[in-house]
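Down below is the structure, laid out as structure tokens.
Within every chain, numbering begins at 1; the chains are lettered A, B, ... in the order of the sequence lines, protein sequences first and strands thereafter. Side chains included, hydrogens not; waters and symmetry mates left out as well; all remaining heavy atoms used.
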Protein chains: 2
Amino acid sequence: MLSERKQKVLEAVVREYISTAEPVGSRTLFRRHNLGVSSATIRNEMADLEEMGYLEQPHTSAGRIPSDLGYRFYVDNLMQANPLPEGEQELLRQVPASGITETDILLSQVSRLLSQVSNYISLVLGPRTDRGVLRTLKLVPLEEHVAMAVLFTDQRKVESRVLVLPPQVEPEDLEGLSRYFTRRLAGRPLEEITGELLTTLYLELLEDYCAKRDRLAELGQALVNWLAGGGRRVKVYTGGTQNILRQPEFQDLEKVRRLLALLEEEELLHKLLEREPGVTVTIGQENELPAVRECTVVTSTYSVDGEPVGVLAILGPTRMDYAHVISLLEYMAGCLSEAFANISVRRTVAMPKQKTAAKEPV
Amino acid sequence: MLSERKQKVLEAVVREYISTAEPVGSRTLFRRHNLGVSSATIRNEMADLEEMGYLEQPHTSAGRIPSDLGYRFYVDNLMQANPLPEGEQELLRQVPASGITETDILLSQVSRLLSQVSNYISLVLGPRTDRGVLRTLKLVPLEEHVAMAVLFTDQRKVESRVLVLPPQVEPEDLEGLSRYFTRRLAGRPLEEITGELLTTLYLELLEDYCAKRDRLAELGQALVNWLAGGGRRVKVYTGGTQNILRQPEFQDLEKVRRLLALLEEEELLHKLLEREPGVTVTIGQENELPAVRECTVVTSTYSVDGEPVGVLAILGPTRMDYAHVISLLEYMAGCLSEAFANISVRRTVAMPKQKTAAKEPV
DNA sequence: GTTAGCACTCTCGCACCGAGAGTGCTAAGA
DNA sequence: TCTTAGCACTCTCGGTGCGAGAGTGCTAAC
């Protein structure tokens, strides 16, 4: 374990480097942080910290900068969380206050706010769609030969798609199909609804429908493809990419290029944002993706109806204002969860009696 | 007008500069393009061209580079269109061949292909939604207290939104509302469907429905907000942002930053992509947006059912491979239009007889 | 009108140098 | 034994100077 003085020195180095982006020397530290000892002592401590792997020296006669390990120790042991500044809180309160009900617009705004406040790159992973429980699957005739398939889950999630109908499929057929699928699938978690299951169900159904078999087959296949297919991909919202260019560690164009390329690869971003609930911090080499080996990714999950369903993240240099970013993400996750709660359908659906009862006398 | 020889020299300068990115001198031109005259003559012509505004000199003893005017002349008079290379054509044919029916996925792929083939930034403006003609407006009960509103137009465009129902609204009410709105609005272009019109209709309707008036009012208002509101915004897809960093003219980080910032401003991009049908080329200072004053934007519209509804664009330095980019965009627009035609609902809807008739005997 | 020749200009890369910052080591002091 | 002052040493960084190279503009000859 590190002696208390070493911890103090390490903390001072990290703080100083985060705010100046310059390698910090013992003299600077001596002048600006009063550590109670001379620069020579600090120098010795810094030499020790370097040997232990917490600091690095860009070149012999430069100051030192924290290593990934140094940041890690700082985040785990030294950093103190401070609440988000009033002004920023106010800015973020827009999200639940705005009354926006479109998930898409809501998340774009969240992403924009995150990058604006943090001055780093923001990433927002949309609510996962493989969790919810199916409630209704409906085929709605729109007009002759056109119908819409609607998938409705308990997590205020609706998906729909237009289907072109084979000739001579009747509205009753659609109703029958809707009822059948809903009856057999309602209550099942979406992740269970695989291609095989659907196909099985579907074949079963066709037995009863021999007369129209051929016509329905085509339609059913389209439906199966949709439900089982990748249609349910989760979107990633990015924002503030230009912020990265303000960071002195990203003056190297090749580095920036790699990062920009990453931001266009949705699958990689998904991988990057697969995180457990709560706040996580991944520093430099701790990251699996090579493109972010010199970056830190801080994430926080947000919830809908108490269940973590999506991820907010900040991507920046390892020299990041950790305390600020963490409280920012926590606060924003709260706001977003709140915004979702405001417009939650589930609540309304799950407890209609209560709500009706409460509202009626007014 | 320019003498033929001047045109030849200008063309040679543009071609040379496009491929090397270095200011071109009279000697280089003499060596690589055989213009039939000596370097001294070329030198004189170049001096003239500079005086006329077609060329510029970065500094006294450097070669020359084309000015915006020079590029303009090149594009309008000198450049010869050549067909897209086989390999690239093949790549782009994926789009109509893939069978993808989700507009969103289709356009992401188009954007990706465009940037990949061009090595510049690609922009894709989704199909405009204010054009189509409303066919059906439907309120579909999903379960108790939850319904979905569906807007269906002739341009294979469907929008939908979940509505939480006020207590004690009956499914019949929904059907009534659907029928009423559809009857009154069907056949109208979406752009005519404004808040005022809807409100008028809606008030009219309430007359007939006095009994449930209060309950329906809330629902109707939500509907009006949706239809009249900005819900129908058109998405912009971007791709290949990292390509810009490969261009020697974008080594200046501040320039890159401004461009990246622009790419996150949807409204500005909309403005940038508001173009007339066909191919347009906007060079450097011809652009209104300051952030792209050193760039060229080439656009091409694509069509659904013969009507131009969206825009493909390439954004790159003014030193751009114009001929290639133009044929790329034209070809891609064709592919995309084709892809839309494949999945067009309108065709099926508009001419069901024909299609049915043609299909039935098979 | 075209071309060869030539003097002139400007950039770019390279080496050099001195200032400044920071280190490591040593020796003296507590 | 730990701390500190002092000092020599190292390394970067910005500025300067210089020569090579590329290109021009001008002049005079064809």
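With D:dT24, D:dT12, C:dT23 as the choices, the nucleotide that has an atom nearest any side-chain atom of A:Gln57 turns out to be C:dT23. For A:Thr60, counting side-chain heavy atoms from C-beta on, the closest listed nucleotide (C:dT9, D:dC11, C:dT23) is D:dC11.
A close approach under 4.0 Å does occur between a side-chain nitrogen or oxygen of B:Arg64 and OP1 or OP2 of D:dT24. Applying the 4.0 Å criterion to OP1 and OP2 of D:dG23, one finds that B:Ser26 has every side-chain N and O outside that range.
Judged by distance alone, the side chain of A:Arg319 and the main-chain N or O of A:Ile18 form a donor-acceptor pair under 3.5 Å. In this structure, the side chain of A:Lys255 engages the main chain of A:Glu249 through a donor-acceptor pair within 3.5 Å.
Rounded to whole Å, atom C1' of D:dT24 lies 13 Å from atom CZ of B:Arg27. In this structure, B:Glu16 places its CD atom 15 Å from C1' of D:dG23, rounding to the nearest Å. Here the C1' atom of nucleotide D:dT12 and the CD atom of A:Glu22 are 12 Å apart, to the nearest Å. Here the C1' atom of nucleotide C:dT23 and the CD atom of A:Glu56 are 17 Å apart, to the nearest Å. What separates OH of B:Tyr17 from C1' of D:dG23 is a distance of 16 Å, to the nearest Å. Between the CG atom of B:Leu55 and the P atom of D:dG25 there is a distance of 11 Å, given to the nearest Å. B:His59 places its NE2 atom 15 Å from the C1' atom of C:dC8, with the value rounded to the nearest Å. The distance from atom CG of B:Leu49 to atom P of D:dG25 is 12 Å, rounded to the nearest whole Å.
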Would B:Leu263 and B:Leu123 count as a side chain to side chain contact (heavy atoms under 4.5 Å, CB included) if you check the C-alpha gap in whole Å, the side-chain angles of each, and the deciding distance to 0.1 Å? CA-CA 9 Å; B:Leu263 292 178; B:Leu123 298 168; 3.8 Å; yes

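Residue pairs satisfying the ring-ring contact (aromatic ring centres under 6.0 Å, His included) criterion with at least one member in residues 33-55 of chain A, sequence neighbours excluded, are listed as follows: A:Tyr54-A:Phe73.
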Counting only pairs under 3.5 Å, give me each side-chain donor-acceptor contact of residues 21-29 of chain B, with atom names and distances, residues two or more places apart or in other chains.
from: B:Ser26; atom 1: OG; to: B:Arg43; atom 2: NH1; distance (Å): 3.3

Write down the protein N/O and nucleotide N/O pairs, taken from nucleotides 3-5 of chain C, whose separation is under 3.5 Å; answer none if there are no such pairs.
from: C:dT3; atom 1: OP2; to: B:Ser38; atom 2: N; distance (Å): 3.1
from: C:dT3; atom 1: OP2; to: B:Ser38; atom 2: OG; distance (Å): 3.4
from: C:dT3; atom 1: OP2; to: B:Thr41; atom 2: OG1; distance (Å): 2.4
from: C:dT3; atom 1: O5'; to: B:Ser38; atom 2: OG; distance (Å): 3.4
from: C:dG5; atom 1: O6; to: B:Arg43; atom 2: NH2; distance (Å): 3.1

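Comparing A:Pro23 and B:Glu45 against DNA chain C, the residue whose closest nucleotide sits nearer the 5' end is B:Glu45.
Between B:Gln251 and B:Leu245 there is no side-chain heavy-atom pair separated by less than 4.5 Å. With a 4.5 Å cut-off on side-chain heavy atoms, A:Leu10 and A:Met46 do not count as touching.
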